[in-house]
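See below for the structure under consideration.
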Amino acid sequence: MNRGVVAAGDPVTAQAGATLLRAGANAVDACIAAAMTSFVAEPLLASAGGAGVAICGSANDGYEVHDFFTIAPGKGLTTRPDLDFHPITIDFGPASQEFQVGRGAAAVPTILFGLLELHRRRGKADLSDVLAPAIAAARDGVVFTPSIRFVVKMLRPIVSVSPQVEALLSANGMVGGATDGTAARDGAPVANRALAAFLEQLSRDGESLLRGAFTDAVVNQFGPSQGGLLTRDDLETFRPTVRRPLSVPFGDFTLLTNPPPSSGGALVGIGLRAAVAGQLGRHPFLSPEHVVELAQVLKTVSVARRTEIDERVAKAVAGNAANSGNSGVFSDVFGDVFSDDDIRRWRATADGEGEERNLGGTTHISVLDADGQAAAMTLTNGEGCGHALDGMGVHINNFLGEEDINPGGFHKLSAGARMPTMMAPSIVLKNGRPALVAGSG
């Protein structure tokens with residue numbers, strides 16, 4: 001009997017979701033199970049110390065976006081401490097890129113709060129059953145795929161910042177072990193038994209654990225006394241935000257995606273409008289003409305992103321139901337903020353546009369179940385700050401150290417401000433029902 005389908009960045013991650021579907025759970029349960037398992041199978045791309053965005057729903061129950069992306073820390077601080085914040089250079093092959101790491105690079109770790117709230121609102125199975133695949137993977141270990149071994153090897157300068165993180169990514173949890181993936185090539189599983197114990201406790205205690213021992217550990221180890229900015233107020237006041245998705249009409253389909261204040265969904269809409277303007281579908285799929293036109297569409301989106309998108313989206317948020325926390329439908333936002341003249345102008349200036357693309361620290365999960373419910377989730381840990389919570393096996397993010405989400409400079413956002421993200425997990429509808437669940441790491 002067909003019970004649905006799961007797509008993810010790793011076979012172990014996908015199998016965790018499939019296990020839930022086979023047991024009769026719904027798409028949201030499967031997506032959460034896969035996300036929790038990705039912390040083990042896809043380290044440095046996802047972590048219980050990171051953040052994410054999800055979209056889920058069905059034709060019967062409607063669709064909603066769950067935004068549990070990170071916020072800037074420091075609530076209640078009157079003076080900034082001396083920060084543990086320093087650069088690490090990563091060699092990507094053709095080019096190198098500098099990231100900032102250390103405890104002062106950590107923004108508020110929000111993903112666990114978001115996953116529990118998503119389960120409470122939309123889940124069906126018991127939390128213990130949802131967490132069971134992740135607990136087993138963390139306890140027994142996972143053999144890293146070649147792609148994950150490549151990421152671990154490439155980010156070795158961050159992995160080796162502390163012995164705790166190095167142990168999390170070494171065969172058998174041994175400090176100084178094969179963080180280059182050598183042991184994994186021999187079939188040695190990489191376990192995270194501290195994370196397994198933490199998730200077992202989470203399955204029993206739920207949010208009380210997050211608001212209690214987890215918050216205590218984060219504040220004690222990543223607070224001002226340790227060179228970080230995280231405060232108790234940061235974690236105690238954080239709540240995921242539920243929004244109406246952007247609705248992007250496109251021929252016979254409607255794409256639902258991440259609304260403002262994220263600019264990712266808006267850029268998807270701009271790309272679709274540019275594809276219509278350029279008549280992308282007039283050429284055979286992946287023919288030379290089709291590829292050239294597709295490149296032109298992507299260049300158009302790049303121009304929009306580099307020039308005006310953030311300011312336009314900010315104005316859309318301010319003028320469109322900001323007091324209720326909802327974004328309204330995308331067609332209204334697009335009509336008020338973006339015009340066909342904008343598309344033509346961006347397209348006309350796209351020739352010669354290009355930008356370097358380095359490997360990003362994100363992964364994605366998509367799920368469809370047999371009852372027509374869909375769920376998509378994009379999650380990230382940045383590259384990680386190089387430090388983990390003692391006794392919990394949780395590598396904390398370095399969001400404050402990524403230039404891409406700190407366009408105004410490092411540590412410039414006010415405490416509690418939502419950090420920007422380009423994440424755009426999406427559901428495509430046909431006749432009101434999910435036809436495709438998509439997203440990108």
Side-chain angles (χ1 to χ4, degrees), residues 6 8-17 19-20 29-54 68-70 106 108-116 118-119 127-128 130-145 147-149 151-152 155 158-159 164-170 173 179 184 189-203 209-210 214 217-218 360-365 377-399 441:
V6 183
D10 185 274
V12 174
T13 301
Q15 186 59 49
T19 297
L20 267 292
D29 294 322
C31 197
I32 296 171
M36 293 285 191
T37 304
S38 74
F39 303 158
V40 184
E42 303 174 65
L44 299 177
L45 302 183
S47 169
V53 180
F68 39 93
F69 199 68
T70 190
V108 181
T110 53
I111 191 165
L112 292 178
F113 297 98
L115 294 180
L116 290 194
L118 179 59
H119 179 262
L127 183 61
S128 59
V130 173
L131 293 182
I135 293 169
R139 181 189 63 239
D140 301 336
V142 171
V143 177
F144 290 158
T145 63
S147 60
I148 294 301
R149 291 200 303 268
V151 172
V152 172
L155 297 184
I158 295 175
V159 171
Q164 289 81 8
V165 171
E166 189 172 20
L168 296 181
L169 296 169
S170 302
T179 51
V190 178
N192 187 341
R193 296 182 180 90
L195 180 61
F198 172 69
L199 294 180
E200 284 180 344
Q201 188 176 359
L202 184 64
S203 71
L209 175 64
L210 298 185
F214 179 77
V218 170
T362 57
T363 191
H364 181 83
I365 301 158
M377 184 187 303
T378 309
L379 48 159
T380 180
N381 199 41
E383 295 72 34
C385 75
H387 296 276
L389 292 178
D390 290 339
M392 293 183 177
V394 176
H395 185 192
I396 300 296
N397 69 80
N398 72 322
F399 296 140

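Values below: every heavy atom of this structure, side chains too, minus hydrogens, waters and symmetry copies. Keep in mind the model is a prediction, meaning the values are calculated, not measured.
A donor-acceptor contact shorter than 3.5 Å is absent between the side chain of Ser47 and the backbone of Ile396. Judged by distance alone, with hydrogens and angles left aside, the side-chain atoms of Arg139 form no donor-acceptor pair with the main-chain N or O of Ala196 at under 3.5 Å. In terms of modelled atom types and a separation under 3.5 Å, the side chain of His387 and the main chain of His395 share no donor-acceptor contact. Under the 3.5 Å distance criterion, the side-chain polar atoms of His364 are matched with a main-chain donor or acceptor of Met377. Side-chain atoms of Asn192 come within 3.5 Å of backbone atoms of Gly393 as a donor-acceptor pair (strictly under, hydrogens ignored). Side-chain atoms of Asn397 do not come within 3.5 Å of backbone N or O of Asn381 as any donor-acceptor pair.
Scanning both residues, Thr13 and Ala41, for their nearest heavy atoms gives OG1-CB, 3.7 Å. The shortest non-hydrogen separation linking Asp390 to Gln164 is OD1-CG, 3.7 Å. Of all heavy-atom pairs spanning Pro109 and Gly49, the tightest one is CB-O, 3.4 Å. The minimum heavy-atom distance linking Pro133 with Thr37 is given by the pair C-OG1, 3.8 Å. Taking all atoms of both residues into account, the shortest heavy-atom contact from Leu115 to Phe68 is CD2-CZ, 4.2 Å. Contact record, Leu199 with Ala134: CD1-CB, 3.9 Å, taken as the closest heavy-atom pair.
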In sequence, state the C-alpha distance, the side-chain angles, and the governing distance for Thr70 and Val108, and then conclude on side chain to side chain contact (heavy atoms under 4.5 Å, CB included). CA-CA 6 Å; Thr70 190; Val108 181; 4.2 Å; yes
Worked check of side chain to side chain contact (heavy atoms under 4.5 Å, CB included) between Phe144 and Val151: CA-CA 10 Å; Phe144 290 158; Val151 172; over 6 Å; no
Check the pair Thr380, Ile111 against side chain to side chain contact (heavy atoms under 4.5 Å, CB included), reporting the backbone distance first and the verdict last. CA-CA 9 Å; Thr380 180; Ile111 191 165; over 6 Å; no
Does the pair Phe39 and Leu112 meet the rule for a side chain to side chain contact (heavy atoms under 4.5 Å, CB included), with working shown? CA-CA 11 Å; Phe39 303 158; Leu112 292 178; 4.1 Å; yes
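Between Thr145 and Pro11 there is a side-chain heavy-atom pair separated by less than 4.5 Å. Here the side chains of Ile148 and Asp10 are in contact, with some heavy-atom distance below 4.5 Å. With a 4.5 Å cut-off on side-chain heavy atoms, Leu379 and Ser38 count as touching. For the pair Leu169/Leu44, a side-chain contact is recorded, criterion being any heavy-atom separation below 4.5 Å from C-beta on. For the pair Ile158/Val165, no side-chain contact is recorded, criterion being any heavy-atom separation below 4.5 Å from C-beta on. Side chains of Leu20 and Val130 form a contact here, defined as non-hydrogen atoms less than 4.5 Å apart. The side-chain heavy atoms of Pro43 and Leu168, taken from C-beta on, include no pair separated by under 4.5 Å. The side-chain heavy atoms of Phe399 and Thr110, taken from C-beta on, include no pair separated by under 4.5 Å.
Atom CG of Leu131 and atom CD1 of Ile32 lie 8.5 Å apart (nearest 0.5 Å). Atom CG of Leu209 and atom CD of Glu200 lie 12.0 Å apart (nearest 0.5 Å).
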